[in-house]
**Q** 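One structure, as structure tokens, below. Some questions next.
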2 protein chains.
Amino acid sequence: MSTLSIDRHDLALLDALQRSGDATNATLGEAVHLSASQVSRRLQRLQEAGLITGYAALLDPAALGLDVMAFAHVVLERHGGVRTEAFEDGVAALPEVLECFSVSGNADYVLRIVAPDLAAFSELMMKRVLRLPGIANIKTDIVLGKVKQTHVLPLEHIARPGRPRRGVRFTVS
Amino acid sequence: MSTLSIDRHDLALLDALQRSGDATNATLGEAVHLSASQVSRRLQRLQEAGLITGYAALLDPAALGLDVMAFAHVVLERHGGVRTEAFEDGVAALPEVLECFSVSGNADYVLRIVAPDLAAFSELMMKRVLRLPGIANIKTDIVLGKVKQTHVLPLEHIARPGRPRRGVRFTVS
DNA sequence: CTCATAATGCACGAAACGTGCGTATCGGCA
DNA sequence: TGCCGATACGCACGTTTCGTGCATTATGAG
């Protein structure tokens with residue numbers, strides 16, 4: 001357990017890094033008004049603290065031939081025993097299922113699924129998803145168009161006015 | 001318009017880079033059985049071809065105090081005129097709305113929204129989302145648990161057996 | 001088999017990284 | 001207000017990484 005104080009420099013760094021994770025320390029330093037060495041030190045701290053979990057190359061799904069995306073709303077059967085584990089393990093093993101969340105509302109789970117085309121998507125659903133254990137019902141929303149898609153998390157809620165002057169308090173295990 | 005051939009080395013590189021975008025060329029080279037210089041050249045090609053759209057640091061939402069995530073299913077009003085633009089622009093301007101897709105099915109749009117807590121989420125929905133123009137109805141699924149979440153796109157559909165021996169043909173603008 | 005094209009590894013100069021260190025700034029306390 | 005410990009800072013510098021030039025090898029068409 002450690003405590004880490006985040007100031008506006010760190011927030012600016014996190015924001016910049018979310019958008020361009022391959023920027024050099026010097027470039028980041030310009031944007032944040034810090035020297036490259038300080039940027040290096042801060043990044044190391046932020047990573048050790050767990051705020052930065054890693055780096056990734058972002059690929060273009062369309063360029064890779066992944067033209068179909070859909071959200072599947074899954075309802076499980078309601079027999080007393082806890083059959084959710086088998087379903088969840090099966091979902092985790094399918095690379096085309098990028099996400100799976102349990103949710104409130106009508107469905108038990110929401111899945112985000114990608115596929116090369118409708119034929120492949122159909123086959124994926126019929127032969128792999130629908131055969132997962134414990135499924136009672138699935139309703140699928142196929143994505144028709146993208147209005148917005150980003151991985152950039154909002155940071156505005158941190159360091160809101162009226163709170164600690166120099167740095168916000170974070171607790172990490 | 002150019003044509004690019006992708007071989008198994010490129011696929012391995014893309015796969016590795018999705019998972020660890022900060023790996024050095026030498027490290028990647030080991031995994032792919034290529035020299036660092038070749039990795040450098042291939043990455044440059046893949047980026048110019050648009051397969052790699054960029055790099056990003058991945059942040060931990062929980063560590064940043066973003067504990068609430070939800071999917072909002074939006075139905076717009078059906079008066080003849082095309083009022084969708086105003087709604088879409090409004091959505092794009094909200095940083096808490098990470099994604100917005102138009103979908104088939106009952107709803108017109110699906111939004112993925114994050115917020116620090118339920119109070120902030122409630123306020124966001126009431127004061128900003130619901131006030132977007134043209135909305136007839138919204139149903140919200142709040143995420144209760146994460147079974148799986150990844151940005152790693154599946155690449156298995158490329159280079160399927162029985163197709164071009166050395167490299168798959170890609171066309172990029 | 002021949003040959004043109006493309007891919008590969010090595011080498012080397014340039015760039016970026018990250019630690020040490022002396023200085024400056026901040027925040028608490030008398 | 002002035003003092004002092006702790007922290008943050010930039011600079012310097014050795015180390016690592018990058019990416020281009022080039023000679024060699026592999027590939028595929030005719």
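Every chain is numbered from 1, with letters handed out A, B, ... down the list of sequences. Quick caveat: nothing in here was measured; it's all calculated off a predicted structure.
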**Q** Tell me who clusters with A:L144, hydrophobic residues only, linked when side chains sit under 4.5 Å apart either directly or through other members.
**A**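 None; A:L144 is a cluster of one.
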**Q** Is it true that atom CG of B:D89 has more than 12 heavy atoms of other residues, nucleotides or ligands lying nearer than 6.0 Å?
**A**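 It does: B:D89 CG has more than 12 such atoms within range.
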**Q** Take atom CZ of B:R45 and atom C1' of C:dA7, then tell me their distance rounded to the nearest Å.
**A**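 In whole Å, C:dA7 C1' lies 9 Å from B:R45 CZ.
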**Q** Which heavy-atom pair separates A:A56 from B:L58 by the least distance, and what is that distance?
**A**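 Heavy-atom minimum between the residues: CB-CD1, 4.0 Å.
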**Q** Which residues pass the ring pair (Phe, Tyr, Trp, His ring centres under 6.0 Å) test with A:Y55, sequence neighbours left out?
**A**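 None.
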**Q** Nearest whole angstrom, please: distance from the P of C:dA6 to the CG of B:D7.
**A**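 Distance check: B:D7 CG to C:dA6 P gives 15 Å.
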**Q** What is the distance, rounded to the nearest whole Å, between atom CG of B:L46 and atom C1' of C:dA7?
**A**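 It works out to 15 Å between those atoms.
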**Q** Round to a whole Å and report the spacing from CG of B:N25 to C1' of D:dT16.
**A**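 After rounding, the gap between these two atoms is 12 Å.
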**Q** Determine which pairs satisfy side chain to side chain donor-acceptor pair (under 3.5 Å) with at least one residue from residues 15-29 of chain A, sequence neighbours left out, and list them in order.
**A**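 For residues 15-29 of chain A, and leaving out neighbouring residues, the side chain to side chain donor-acceptor pair (under 3.5 Å) pairs sorted by first residue read A:D15-A:R19, A:T24-A:T27.
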**Q** Using whole Å, report how far CG of A:D22 lies from P of C:dA15.
**A**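 Distance, rounded to whole Å: 18 Å.
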**Q** What does nucleotides 10-15 of chain D look like as a protein-contact string, B for base, S for sugar-phosphate only, - for none, at under 4.0 angstrom between heavy atoms?
**A** BB----
**Q** Can you tell me how far apart CD (A:Q44) and OG (A:S40) are? Round to the nearest 0.5 Å.
**A**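 Answer rounded to 0.5 Å: 6.5 Å.
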**Q** Let me know the distance between CG of A:L28 and P of D:dC9, rounded to the nearest Å.
**A**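 From A:L28 CG to D:dC9 P: 15 Å.
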**Q** Which residues, ordered by chain and number, are linked to A:V68 in its hydrophobic cluster, where ILVMFWY side chains connect at heavy-atom gaps below 4.5 Å, directly or through other members?
**A**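 Members other than A:V68 - counting any ILVMFWY side chain reachable under 4.5 Å - are A:V74, A:L76, A:F87, A:V91, A:L94, A:V97, A:Y109, A:L111, A:I113, A:L118, A:F121, A:L124, A:M125, A:M126, A:V129, A:L130, A:L132, A:I135, A:I138, A:I142, B:V147.
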**Q** Choose from C:dG18, D:dA8, C:dT8 the nucleotide whose nearest atom is closest to any side-chain atom of B:R42.
**A**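 In terms of side-chain proximity for B:R42, the closest of C:dG18, D:dA8, C:dT8 is C:dT8.
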**Q** What bend angle does the helix from C:dC1-D:dG30 to C:dA30-D:dT1 show across its length, from five-pair end axes and to the nearest 10 degrees?
**A**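 Answer rounded to 10°: the end axes differ by 40°.
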**Q** Between B:E30 (CD) and C:dG9 (P), how many Å, whole number?
**A**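 Those two atoms, CD and P, are 13 Å apart.
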**Q** Could you check whether any side-chain heavy atom of B:R83 comes within less than 4.5 Å of a side-chain heavy atom of B:P133, counting everything from C-beta outward?
**A**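 Yes. Closest side-chain heavy atoms under 4.5 Å.
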**Q** Rounded to the nearest Å, what distance is computed from the CG atom of residue A:L43 to the C1' atom of nucleotide C:dT19?
**A**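 After rounding, the gap between these two atoms is 15 Å.
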**Q** Mark yes or no for whether A:H73, through its side chain, and A:D141, through its backbone, hold a donor-acceptor pair below 3.5 Å.
**A**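 Pair absent, no side-chain N/O of A:H73 close to backbone of A:D141.
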**Q** Which nucleotide sits closest to the side chain of B:Q44: D:dT20, C:dC17, D:dC9?
**A**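 Nucleotide nearest to B:Q44's side chain: D:dT20.
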**Q** Can you tell which of D:dC9, D:dG19, C:dA7 lies closest to the side chain of B:S40?
**A**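 So the side chain of B:S40 is nearest to D:dG19.
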